[in-house]
Amino acid sequence: MSDDFKLSKGGANHQEPRGDDDVMTTAQGAPVADDQNWLTAGPRGPQLVEDQVAREKIFHFDHERIPERVVHARGYGVHGHFELKKAIPEYSRAAIFNEVGVKTPTFTRFSTVAGNKGSPDLARDVRGFATKFYTREGNWDLVGNNIPVFFIQDAIKFPDLIHAAKPAPDRGFPQAQTAHDNFWDFISLSPESMNMVMWIMSDRTIPRSFRFMEGFGVHTFRLVNEKGEAHFVKFHWKPRLGLQSVIWNEALKVNGMDPDFHRRDMWDAIEAGDFPQWDLGIQVFDEEFAEQFEFDVLDATKIIPEEQVPVEIIGTLTLDANVDNFFAETEQVAFCTQNIVPGIDFTEDPLLQGRNFSYLDTQLKRLGSPNFTHIPINAPKCPVRHFQQDGHMAMHNPKGRANYEPNSWGDTDKPNEGRGPRACPERGFTSYPADVGGPKVRVRSETFADHYSQARQFYVSQTPVEQTHMANALTFELSKVERMDIRKRMIGHLRHIDEGLAQEVADGIGLEQLPEKVPAAREPITDLPESPALSIVRNGPDSFEGRKLGIYIAEGADADVVAALKQAAQDAGGMVEIVAPHVAGARLSDGSMMEADEKIDGGPSVTYDAVAVVMSEESARRYNTDKPSVDFVYDAFAHAKFVAYVPTVQPLFETAGVWNWMDDGFVDVSSGEKAAKAFIEKCGQLRFWDRESVKQD
Ligand code: HDE
């Protein structure tokens with residue numbers, strides 16, 4: 001036992017501090033002599049309440065938790081910066097939109113919506129994509145999602161939506177799932193949600209990584225220029241690495257294998273220096289466009305297709321630093337939709353207006369004090385000057401005598417001293433003087449009444465493989481709904497969207513007859529043009545950059561082939577992990593020992609974008625009855641992945657049932673470098689979709 005690791009009285013391990021700076025203290029700063037033994041009356045006697053050290057420790061521990069977010073409880077935050085590439089003074093006076101090249105610090109938190117803090121990452125769910133920009137004119141929070149529309153049109157329905165989605169109040173389950181009666185009951189009684197239903201039943205809700213998904217501000221906002229002129233705007237985040245999702249069967253397995261799949265992916269990418277980037281795009285349009293557009297631009301259940309109003313890229317977000325402390329940053333960050341800066345303004349979108357009330361309110365509940373802006377992660381990085389004071393945990397109170405205005409302090413011999421700040425009409429935030437008014441009523445605008453047209457547009461814009469996934473997802477979800485009337489009502493909506501889809505789902509859940517259509521508030525428009533921007537598959541990457549190859553090796557694996565595969569993947573900007581029967585690794589054909597990143601049970605193929613299996617025939621025979629090895633191969637096949645192999649793996653591939661089914665997604669890489677390169681190039685397509693039984697039109 002080393003000198004600095006001794007047993008103290010009572011048997012607890014005691015480690016000496018390494019210097020004065022290393023001495024443990026209480027929260028009050030008093031040095032601590034023993035942090036392992038509670039003060040007792042005699043060695044076997046009762047503990048004394050007098051022990052202020054132990055009491056303080058336990059007291060603090062008892063109060064470590066704060067309420068989790070009522071929605072978006074599970075999230076992951078990352079630091080970064082936004083760099084403007086193109087100034088837009090014609091649209092906005094905001095400094096962040098006018099200073100090309102300036103790097104504005106940011107904090108982005110990705111999240112799921114329905115699950116609690118400990119729920120799995122790959123639940124089928126919308127992903128939050130919230131970014132706080134610490135601009136020099138104050139914090140701007142763009143609190144968006146990875147889907148550009150929402151379930152409801154009016155904030156008053158939000159508590160019902162969330163209650164219906166979250167675990168039922170009596171049984172307390174299901175967790176982080178929408179496949180249950182309450183959710184589909186609410187949805188099928190809320191026709192306005194049908195566009196969103198199409199999006200959530202697509203693979204958008206099972207993203208492969210936060211790094212490969214889009215983000216949207218959802219609402220229509222206003223940009224206001226120096227002259228006070230306003231334009232409408234929708235904000236978009238476009239991932240540089242292209243879009244990618246997993247497939248449902250994979251998601252189920254990933255959740256079991258690694259519930260932290262998304263946060264681990266983000267952490268690893270940033271630690272490896274592969275900083276993910278998104279371009280910020282804007283769709284700008286004026287009142288005239290809004291007037292002639294088929295739908296109301298204030299209705300958050302509708303998009304404006306990119307083909308109709310192109311997305312103009314103006315800057316780039318780079319995420320380049322993980323947090324130092326998850327609680328201090330990710331948990332305590334408090335996004336508020338009402339955090340805007342001069343040059344950006346709200347619209348009368350009733351969902352946005354409701355959110356502006358909710359976010360401030362929820363932060364008080366969660367963080368316990370109106371001074372949550374004093375917490376470093378929430379504090380602006382520009383000067384803050386006001387007369388707000390006191391309250392729980394106040395860190396910054398005004399100095400001097402003046403804590404009100406107007407005041408005449410400082411009017412005498414020292415003009416600026418002690419007088420405090422004053423509002424500035426020129427630089428300060430000014431609301432756009434939108435013409436609003438009318439009788440006080442509780443009605444939904446007639447212009448919000450179309451519920452199916454864009455749902456159909458989304459569906460017809462998908463590739464056949466994506467359409468099949470949607471039909472499968474709907475079938476899966478409705479098969480978990482126990483009440484037949486809810487299932488039927490849902491299919492009654494689908495019939496307005498696409499009769500073929502409705503039929504497929506009806507067949508999928510075993511209905512003999514198609515249910516009646518649910519009466520539509522307005523006849524859907526059935527000939528909206530396809531919008532290719534809505535498909536994930538059409539907007540994937542063209543390289544393996546940022547993706548992960550899993551190479552399964554065992555004793556006798558061809559060293560040259562393994563090296564060639566590693567090199568080719570890394571050259572393409574991909575990551576590589578070695579999987580082996582033992583975590584110690586395997587001895588390769590050249591006698592060298594290659595360490596493994598994962599033991600086969602801990603590195604199933606669902607955690608990789610593409611896989612390679614390289615082993616001697618002897619090893620392939622040895623592991624052909626090993627379940628994790630067989631699953632590795634079979635799952636890669638079933639999930640339409642590209643697979644590199646050497647012919648000696650035949651015995652394993654035979655038991656996995658894939659040897660006779662090998663298609664163009666399988667690449668023999670035994671010849672080395674060139675073949676490995678060709679394989680990685682193919683992997684740029686991410687999946688070999690032909691393998692899936694696609695819907696035949
Ligand atoms: Fe939220 N939402 N929301 N939401 N939301 C919250 O704020 C709310 C909506 C979104 O990473 C809460 O701090 C209402 C749309 C994200 O910390 C709460 C309505 C969109 C996050 C709240 C909506 C979002 C939240 C819970 C209906 C996409 C996580 C904790 C009008 C544009 C932010 C919190 C983070 C969080 C209310 C609808 C996105 C309760 C009332 C639409 C990304 O304030």
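Note: hydrogens, waters and symmetry copies are ignored here, and every other heavy atom, side chains too, is used.
- Proximity of a side-chain donor or acceptor of Asn339 to a complementary backbone N or O of Asn139 within less than 3.5 Å is not detected.
- The neighbour count for Phe326 CZ, taken as heavy atoms of other residues, nucleotides or ligands under 6.0 Å away, is above 12.
- Put simply, the side chain of Arg366 gets close to the backbone of Glu331: a donor and an acceptor are under 3.5 Å apart.
- Between the side chains of Asp450 and Ser453, a donor-acceptor pair is found at a separation under 3.5 Å.
- Side-chain contact, Asp349 with His219: a donor N or O sits under 3.5 Å from an acceptor N or O.
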Exercise for review: For Leu367 and Asn378, run side chain to side chain contact (heavy atoms under 4.5 Å, CB included): C-alpha distance rounded to whole Å, both residues' side-chain angles, the deciding distance at 0.1 Å, then the answer.
Suggested key: CA-CA 11 Å; Leu367 298 167; Asn378 295 319; 4.1 Å; yes
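- One side chain, Ser531 or Glu307, offers a donor N or O that lies under 3.5 Å from an acceptor on the other.
- Salt bridge Arg208/Asp265: present, at least one basic N to carboxylate O contact under 4.0 Å.
- More than 12 heavy-atom neighbours from other residues, nucleotides or ligands sit within 6.0 angstrom of CD1 on Ile313.
- Using modelled atom types and a 3.5 Å distance limit, the side chains of Arg204 and Asn145 yield no donor-acceptor pair.
- Using a 4.5 Å heavy-atom threshold, the side chains of Ile152 and Thr301 count as separate.
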Exercise for review: Step by step, work out the side chain to side chain contact (heavy atoms under 4.5 Å, CB included) result for His231 and Tyr91.
Suggested key: CA-CA 7 Å; His231 286 83; Tyr91 299 137; 3.6 Å; yes
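- In this model, no donor atom of one side chain and acceptor atom of the other lie less than 3.5 Å apart for His79 and Asp320.
- Using cut-offs of 30° and 60° for the angle between ring planes, the Phe235 and Phe221 rings count as tilted.
- For the residue pair Glu214 / His236, no side-chain donor-acceptor distance below 3.5 Å is found, with atom types taken as modelled.
- Lys132 and Thr106 share no donor-acceptor pair across their side chains, judged by distance under 3.5 Å alone.
- Panel note: side chain Asn407, backbone Tyr404; a donor-acceptor pair is recorded below 3.5 Å.
- Using modelled atom types and a 3.5 Å distance limit, the side chains of Thr135 and Thr104 yield no donor-acceptor pair.
- Within 6.0 Å of the CD atom in Gln292, the count of heavy atoms belonging to other residues, nucleotides or ligands exceeds 12.
- One finds no salt bridge joining Glu68 and Arg74 here, because no Lys/Arg side-chain nitrogen approaches an Asp/Glu carboxylate oxygen to under 4.0 Å.
- Of the options Glu271, Arg264, Met266, a side chain to side chain contact (heavy atoms under 4.5 Å, CB included) to Asp268 is made by Arg264 and by none of the others.
- More than 12 heavy-atom neighbours from other residues, nucleotides or ligands sit within 6.0 angstrom of CG on Asp361.
- Residue Phe429 comes nearest to Ile344 through the heavy atom pair CE1-O, 3.2 Å, listed as atom of the first residue, atom of the second, then distance.
- The backbone N or O of Trp199 lies less than 3.5 Å from a partner atom in the side chain of Ser202, making a donor-acceptor pair.
- Closest heavy-atom contact between Phe210 and Met213: O-CG, 3.3 Å.
- Minimum heavy-atom separation, Thr205 to Ile147: CG2-CD1, 4.0 Å.
- Counting only residues at least two apart or in different chains, side-chain hydrogen bond (donor to acceptor under 3.5 Å, both in side chains) contacts with residues 383-394 comprise Gln389-Asn403.
- Contact of the Met198 side chain with the Tyr459 side chain is registered, since non-hydrogen atoms from C-beta on lie closer than 4.5 Å.
- Put simply, the residue from Lys238, Arg240, Lys86 that forms a salt bridge (Lys or Arg N to Asp or Glu O under 4.0 Å) with Asp279 is Arg240.
- Because its NZ or CZ atom is both nearer than 6.0 Å to the ring centre of Tyr134 and within 45° of the ring axis, Lys381 counts as a cation-pi partner of that residue.
- Within the 4.5 Å cutoff, the side chain of Ile304 has heavy atoms near those of the Phe285 side chain.
- Using the six-membered ring where Trp is involved, Phe151 and Phe183 have ring planes that are perpendicular, over 60° apart on the 30 and 60° scheme.
- Arg69 has its side chain out of reach of Thr362: every pair of non-hydrogen atoms, C-beta onward, lies at least 4.5 Å apart.
- Between Leu84 and Asn98, the shortest heavy-atom distance links the atoms CD2-N, 3.4 Å.
- Stacking of Arg547 on the aromatic ring of Phe212 is recorded, both the 6.0 Å distance cut-off and the 45° axial limit being met.
- Asp296 and Thr447 share a donor-acceptor pair across their side chains, judged by distance under 3.5 Å alone.
- The number of heavy atoms from other shown groups lying within 6.0 Å of NZ (Lys85) is above 12.
- Within the 3.5 Å criterion, the main-chain N or O of Gly228 finds a donor-acceptor partner in the side chain of Asn225.
- Contacts of Phe293 classified as ring-ring contact (aromatic ring centres under 6.0 Å, His included), with partners at least two apart in sequence or in another chain: Phe289, Phe295.
- Residues Gln277 and Thr318 bring a donor and an acceptor atom of their side chains to less than 3.5 Å of each other.
- Between Asp154 and Leu351, the shortest heavy-atom distance links the atoms C-CD1, 3.8 Å.
- Under 4.0 Å is where a charged nitrogen must lie from a carboxylate oxygen, and between Asp160 and Lys157 no such pair does.
- Put simply, the residue from Phe216, Phe82, Phe129, Trp237 that forms a ring-ring contact (aromatic ring centres under 6.0 Å, His included) with Trp278 is Phe129.
- More than 12 heavy atoms of other residues, nucleotides or ligands shown are found within 6.0 angstrom of CZ on Arg538.
- Glu329 has no carboxylate O lying under 4.0 Å from a charged side-chain N of Arg109, or vice versa, which leaves the two without a salt bridge.
- Put simply, the side chain of Arg522 reaches to within 4.5 Å of the side chain of Glu446, judged on heavy atoms.
- Listed for the Glu312 side chain is no donor-acceptor partner under 3.5 Å among the backbone atoms of Gln283.
- At least one donor-acceptor pair closer than 3.5 Å links the side chain of Ser535 to the backbone N or O of Val537.
- Using a 30° and 60° split on the angle between ring planes, His374 and His396 fall in the tilted class, from 30° to 60°.
- Put simply, the side chain of Ile88 reaches to within 4.5 Å of the side chain of Ile314, judged on heavy atoms.
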**Study point:** Pair Glu530-Gln457, side chain to side chain contact (heavy atoms under 4.5 Å, CB included): steps then yes or no
**Key:** CA-CA 6 Å; Glu530 282 184 28; Gln457 184 179 35; over 6 Å; no
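- For Glu405 and Arg419, the salt-bridge test fails: no basic side-chain N is under 4.0 Å from an acidic carboxylate O.
- Taking all atoms of both residues into account, the shortest heavy-atom contact from Arg222 to Thr347 is NH1-CA, 3.6 Å.
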Practice item. Report the C-alpha separation of Glu99 and Arg136 in whole Å, then their side-chain angles, then the decisive distance to 0.1 Å, and conclude whether the salt bridge (Lys or Arg N to Asp or Glu O under 4.0 Å) test is met. Key: CA-CA 11 Å; Glu99 296 171 344; Arg136 68 172 177 81; 2.4 Å; yes
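- With contacts defined as side-chain heavy-atom distances shorter than 4.5 Å, the pair Phe335/Thr337 does not qualify.
- Val78 places a side-chain heavy atom less than 4.5 Å from the side chain of Ile270.
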Review point. Can you check side chain to side chain contact (heavy atoms under 4.5 Å, CB included) on Phe327 and Gln332, steps first, answer last?
Key: CA-CA 6 Å; Phe327 180 84; Gln332 293 200 123; 3.6 Å; yes
